[in-house]
Enquirer: 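First the structure, which I've put down as structure tokens, then a few questions once you've had a look.
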Amino acid sequence: MNWFKRAVVVGALTAMSLFAGCAPQGAGNASRASGSLALSSDDSTLFAVDTDNGVLVAMSLANPSSRYVVPVGKEPVRVVVGPDDTVYVANRGSNTVSVIRKGERQPSATLQTAPEPAGLALSADGKQLLVTGATARDTAAHGVLTAFDTATLQQAWELPVGEEPRAVAVVAGNKALVSLYKKGELAVVDLERQALVSNPTSAQAYTQANATRSAGSSSVVSSVSTFHPRAAADIITTPDGTRAFTPVVWAREDAIGRRPSSAGGYYSAGGPCSIGAVATAGIVTYDTAGEAPQARVDDLTACIRAGSNTNATSDFPVSTFASSTGGVESAVQGPTVGVTDPSGIWVFVVNRESQNVAVLPAGRRTGRDLAFDSSGTSIRNLVRVGAGADGIAVTRDGARAFVYSQFDHRVDELIASGRGDEATVVKRGTYRFDDVGVGEVLPPDLAAGRRMFFDALDSRMSSPQTTVACSTCHLEGREDGHVWMFPDGPRQTPALAGRKLLATAPYHWSGEFPTLSDFNVHTIRERMGGKGLVGAEAAGLDRWVDSLPAAPAPLNAQMDAVKRGRAAFEKAQCATCHTGALLTDNSNQDVGTLNTRAADVRERDNGLVERRGFNVPSLHGLARSAPYLHDGTEATLEARVYGNSQDRHGVTSTLSAAEKADLVAYLKSL
């Protein structure tokens, strides 16, 4: 039975199988927990990791006031539970995995991993723990998937899997899927051969999403732009492992021609088929039965028109998360993690920036309980949760779900209200962990600044027509690897983390804003459509961004090459501009990348770029902030160093080939 027919048949039995307790016998639990939450095998205990406090909290579901805390590593971000109830916690800030045996109050072992472990999964037989690392130990060119033997806790093997891997999931055919966070793609690993599949999914999703525009067809109502999937933070699998879903953000690639108006900033509209903003939340579906999973994506450049029934019979969710009624109450932004219910019929996606959970069918987009014909969306309903939500778990019987909100340090319990077509998911209760010492650790102004940075609903930050957050582009305070076609030309998203912005005025690639407050006024009001921040509010946001550490470089860089590279850096006169502790003199420089720009832009920035070039960025975190230059035209540092033939960007002609290689090693160590 195909997915669409299966969903209709089961849907006829129950409108909300997750909460009606009608899961089919023998359903698995492959994706019933994700992110910062997990459940014990008998559902007696809920486990939550709190990133700020560096702890695992265990709470009895029968008696929620019965709870205890286990100290783990720095910045724990994900937790999984093995079939023997051993708990594994990925500690992103200390490059470790904590292993906690059933019932114990301290880790029994700590596994050393590659930098920034963030994805965890167990093999189908439970004999291996799979861990993603954002980079390898000796290079940032790729991240790794590492397998540990769960019996001996020894590393079994390690494999390069692509740039910035994040989530990992085991699916049918003994394969592991690994999401590449910034690229929005999947790497596929054959677990038996311990090798990358020769034909990975790569750009499948992109090709399908932009099919009509790429082909130049004018036979349908076509979008004016193309879109790239980014921010692939999680992989959601059905219980049988034959289908997977990756929440993403669709980032616009073409020129943003909109001007600010009373309807919002120039980030508003401009999304796929005028749905959402220039950065729009969505989901990519994969069928996993073959050697390489096959992407199932709507053509975002062939518009789905309300009432037209276009693609109504497709047996996968609509690829964009369009709100059904408009405004902040139905906004969907910042998808982070998700699960399926035990039947595999429903997908739950946690959206951090819009502080809600979207419920949508896994295999259909029509029915009396959906508004697809009128709205173009297959979201069943939305339920509000707390700030910074990044974990969800569903009980085996499908009766309850839980969501963890990091900024509020709380668990929300979800149940169903009503039955049949009228059933909706609602919040029943909230659990806080103050009694075990888990709460806010940031100073009040930094805590408020962080909330605003990740908030797409706050009218001070974004308009109801835009509903984007700072973090929509500056993922986790870093960057998204995307080049945006702004009115003043192509600009790649610069990393904020580790750049100490308060000490590096002026701002913007043009250096047109003398203070960070001036730049924030421009970004929040003109781009995002928000009302703006004043006084302590603005200072709190600025201070939080200023406090962010740079993305860590590989642990085992070639230190001899780095030392030689520092000398090459000086010899090539790079330190003329990239100087001091922050590796910038805050000046504007023409390094040979200046493009012709429109007259209205010349007027707006007082001709700074034309006269003086672009603002010199800090080099901290450089290895993990590709692509490079203001317009992202250099994919790698090697390309820039070896391609600087006219000495416009440092006097690299004085360097030998070996010195250039050393210079690259040094730059990657910063």
Side-chain angles (χ1 to χ4, degrees), residues 51-52 73-78 90-96 113-119 131-146 160-167 178-184 230-233 249 336 352 390 406 450 453-454 470-483 492-501 503-504 544-558 562 565 578 581-584 617-629 632 634-638 640 664-670:
T51 303
D52 287 350
K74 295 179 181 179
E75 299 178 27
V77 292
R78 190 171 285 260
N91 304 305
R92 195 177 181 197
S94 55
N95 307 325
T96 60
T113 71
E116 293 199 304
V131 185
T132 63
T135 78
R137 292 171 176 82
D138 58 354
T139 178
H142 58 77
V144 295
L145 179 66
T146 307
V161 288
E163 182 183 344
E164 297 283 340
R166 180 58 56 88
V178 179
S179 69
L180 304 181
Y181 185 53
K182 291 194 296 184
K183 288 186 176 295
R230 305 283 185 188
V249 173
T336 54
R352 180 181 54 203
D390 66 355
Q406 290 288 343
R450 178 171 66 176
F453 189 88
F454 288 95
C470 302
S471 55
T472 304
C473 299
H474 294 283
L475 302 176
E476 301 173 329
R478 298 177 183 176
E479 38 71 44
D480 57 2
H482 194 66
V483 177
Q492 64 104 335
T493 307
L496 303 180
R499 301 290 174 89
K500 297 296 180 184
L501 295 187
T504 56
W544 182 77
V545 173
D546 192 67
S547 72
L548 294 174
L555 301 174
N556 302 327
Q558 300 176 14
V562 169
H578 295 288
L582 300 178
L583 296 174
T584 175
S618 168
L619 301 183
H620 287 295
L622 195 64
R624 294 176 57 188
S625 60
Y628 302 101
L629 303 180
E634 299 288 17
T636 66
L637 290 171
E638 287 86 349
R640 187 53 184 165
V664 170
Y666 171 70
L667 295 174
K668 291 181 177 180
S669 74
L670 298 173

Enquirer: Excluding sequence neighbours, so at least two apart, what forms salt bridge (charged side-chain N to carboxylate O under 4.0 Å, His left out) with R352?
Expert: none

Enquirer: Could you state the interatomic distance from NZ (K74) to OG1 (T96), rounded to the nearest 0.5 Å?
Expert: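 Rounded to the nearest 0.5 Å, the NZ-OG1 separation comes out at 10.0 Å.
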
Enquirer: For H474, give me all partners under side-chain hydrogen bond (donor to acceptor under 3.5 Å, both in side chains), at least two apart in sequence or on another chain.
Expert: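 None.
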
Enquirer: Does any part of the side chain of L496, heavy atoms only, come nearer than 4.5 Å to the side chain of F453, both counted from C-beta?
Expert: yes

Enquirer: If I compare all heavy atoms of T135 with all of A140, which pair ends up nearest, and what's the gap?
Expert: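 The pair with the smallest heavy-atom distance is CB-CA, 4.0 Å.
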
Enquirer: Is there a donor-acceptor pair closer than 3.5 Å between any side-chain N or O of S179 and the backbone N or O of A232?
Expert: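 Pair found, side chain donor or acceptor close to backbone of A232.
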
Enquirer: Could you pull out the closest heavy-atom pair between T504 and R499, with the gap in Å?
Expert: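 Nearest heavy atoms, T504 then R499: CG2-O, 3.6 Å.
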
Enquirer: For T336 and D390, test the side chains for any donor-to-acceptor distance below 3.5 angstrom and give the result as yes or no.
Expert: no

Enquirer: To the closest 0.5 Å, what do you measure between CZ (R78) and OG1 (T51)?
Expert: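 The OG1 atom of T51 is 11.0 Å from CZ of R78, to the nearest 0.5 Å.
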
Enquirer: For the NZ atom of K668 and the OG1 atom of T636, what is their distance to the nearest 0.5 Å?
Expert: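 One gets 7.0 Å once the value is rounded to the nearest 0.5 Å.
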
Enquirer: Do NZ/NE/NH1/NH2 and the carboxylate oxygens of R624 and E476 come within less than 4.0 Å?
Expert: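 Salt bridge flag = no for E476 with R624.
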
Enquirer: Find the distance between NE2 (H482) and CG (L475) and round it off to the nearest 0.5 Å.
Expert: 11.0 Å

Enquirer: So, using side-chain hydrogen bond (donor to acceptor under 3.5 Å, both in side chains) as the criterion, who are the partners of R450 when residues are at least two apart?
Expert: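 side-chain hydrogen bond (donor to acceptor under 3.5 Å, both in side chains) check on R450 returns D52.
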
Enquirer: Under the side-chain contact (heavy atoms from CB on, under 4.5 Å) criterion, do E479 and K182 qualify, and how do the steps go?
Expert: CA-CA 8 Å; E479 38 71 44; K182 291 194 296 184; 2.9 Å; yes

Enquirer: Indicate yes or no: does E164 engage R478 in a salt bridge with an N to O separation below 4.0 Å.
Expert: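 No, this pair does not count.
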
Enquirer: Rounded to the nearest 0.5 Å, how far apart are CG of L670 and CG of L583?
Expert: 5.5 Å

Enquirer: Do side-chain atoms of H578 reach the backbone of P617 as a donor and acceptor pair under 3.5 angstrom?
Expert: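 Flag set: sc H578 to bb P617 pair under 3.5 Å.
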
Enquirer: When you compare the side chain of T113 with that of T146, does any pair of heavy atoms fall below 4.5 Å?
Expert: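 Result no, sub-4.5 Å side-chain heavy-atom pair not found.
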
Enquirer: Mind listing the closest non-hydrogen atom pair of P165 and A134 along with its distance?
Expert: CD-O, 3.6 Å

Enquirer: Would you sort out whether R166 and T132 count as a side-chain contact (heavy atoms from CB on, under 4.5 Å), showing the intermediate values?
Expert: CA-CA 6 Å; R166 180 58 56 88; T132 63; 5.6 Å; no

Enquirer: Can you tell me how far CG of N95 sits from CD of E116, rounded to the nearest 0.5 angstrom?
Expert: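 Answer rounded to 0.5 Å: 7.5 Å.
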
